[in-house]
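Each ligand, and each atom within it, is numbered from 1 in the order the structure gives.
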Amino acid sequence: MSTQTIVEVSGLHKAFGELEVLKGIDLEVQRGQVVCIIGPSGSGKSTLLRCVNLLEEPQQGKIVVNGSEITDPDVDIDGARTKIGMVFQSFNLFSHLSVLENLTVAQRKVLKRGKEEAERVARENLAKVGLAEKESSLPTQLSGGQQQRVAIARALSMDPDVMLFDEPTSALDPELVGDVLAVMRQLAQEGMTMLVVTHEMQFAREVADIVLFMDGGVVVEQGSPDQVIGDPQEERTKTFLSRVL
Ligand code: ADP
Ligand code: MG
């Protein structure tokens, strides 16, 4: 089977004023792959994801998502962004809208889907994350784990080429983490292309095709989970893992 590169980042540099946060990042995600990014706080993981989703503008380097160069100044940013699903640590749901409405708003506004189609897609994705019975609830009536699963279903409803996750379970009470990871695991099994920043080493170990260790704005080490988590070669990776494992 031929591979298809869905995300290609090359030579990416990002600075905030004097602070150089990304110092030349290269990375590739093939269709159907799960790439997990691990690394200490402040190493630039969120900034990297935010560049891939065009929430930050890099100073240098190139990002291609499913064949379109999103760092091209002439790119249709909104069009490109609809193909990239993003799930944050904070769920960012609309608190005054029902769960179903949270899932249909962008489908209708951005993808111009009719009400019926948008609701059909929304219900499919709510069922997928195990929340079919919650469509009429308000976000505040749900647990944090349920809200995060709604956020995942909302992103899926846009039919993204790739899903970006930035520490999706970090804000959750420990007993709610498992349900969110189970949904992500299932997505991975269904062949969704995923780029995941996580501190959940067990998840990375079991689900990732490639693990990438970042520190100080560079990719220090990357490879299979067995290589990077099981048998790290670099001192910085060993030190980090000894703290989190
Ligand atoms: P991580 O997600 O790995 O913890 P981040 O990408 O959030 O790291 O942050 C990397 C560095 O960039 C940190 O030093 C952070 O303070 C800084 N940073 C992130 N966003 C901004 C911003 N908008 N303005 C200034 N500095 C920022
Ligand atoms: Mg972060």
Asker: Counting heavy atoms not belonging to Lys83, are there more than 12 under 6.0 Å from its NZ?
Answerer: yes
Asker: Carefully, step by step, assess Phe213 and Leu241 under the rule side chain to side chain contact (heavy atoms under 4.5 Å, CB included).
Answerer: CA-CA 10 Å; Phe213 173 70; Leu241 288 170; over 6 Å; no
Asker: If you measure from the Lys or Arg side-chain nitrogens to the Asp or Glu carboxylate oxygens, is any gap between Arg185 and Glu206 under 4.0 Å?
Answerer: yes
Asker: Could you tell me whether Arg120 and Glu116 have a side-chain N and a carboxylate O separated by less than 4.0 Å?
Answerer: no
Asker: Is the CD atom of Glu57 crowded by more than 12 outside heavy atoms at less than 6.0 Å?
Answerer: no
Asker: Working to the nearest 0.5 angstrom, can you tell me the gap between Glu167 CD and Ser41 OG?
Answerer: 7.5 Å
Asker: Which protein N or O atoms sit under 3.5 Å from any N or O of ligand 1? Give each pair with its distance.
Answerer:
unit_1	atom_1	unit_2	atom_2	d
ligand 1	2 (O)	Ser46	N	2.9
ligand 1	2 (O)	Ser46	OG	2.9
ligand 1	3 (O)	Ser43	N	3.2
ligand 1	3 (O)	Ser43	OG	3.4
ligand 1	3 (O)	Gly44	N	3.0
ligand 1	3 (O)	Lys45	N	2.9
ligand 1	3 (O)	Lys45	NZ	2.7
ligand 1	4 (O)	Gly42	N	2.7
ligand 1	6 (O)	Thr47	N	2.9
ligand 1	6 (O)	Thr47	OG1	2.6
ligand 1	8 (O)	Gly44	N	3.2

Asker: What do the steps show when you test Glu135 against Glu119 for side chain to side chain contact (heavy atoms under 4.5 Å, CB included), and what is the final call?
Answerer: CA-CA 10 Å; Glu135 66 168 64; Glu119 289 184 348; over 6 Å; no
Asker: What number of protein N, O or S atoms occur at distances under 2.8 Å from the Mg ion (ligand 2)?
Answerer: 1
Asker: Any donor-acceptor pair under 3.5 Å linking the side-chain atoms of Gln4 with those of Asn66?
Answerer: yes
Asker: Give, for atom OG of Ser137 and atom CG of Leu142, the distance between the pair rounded to the nearest 0.5 Å.
Answerer: 5.0 Å
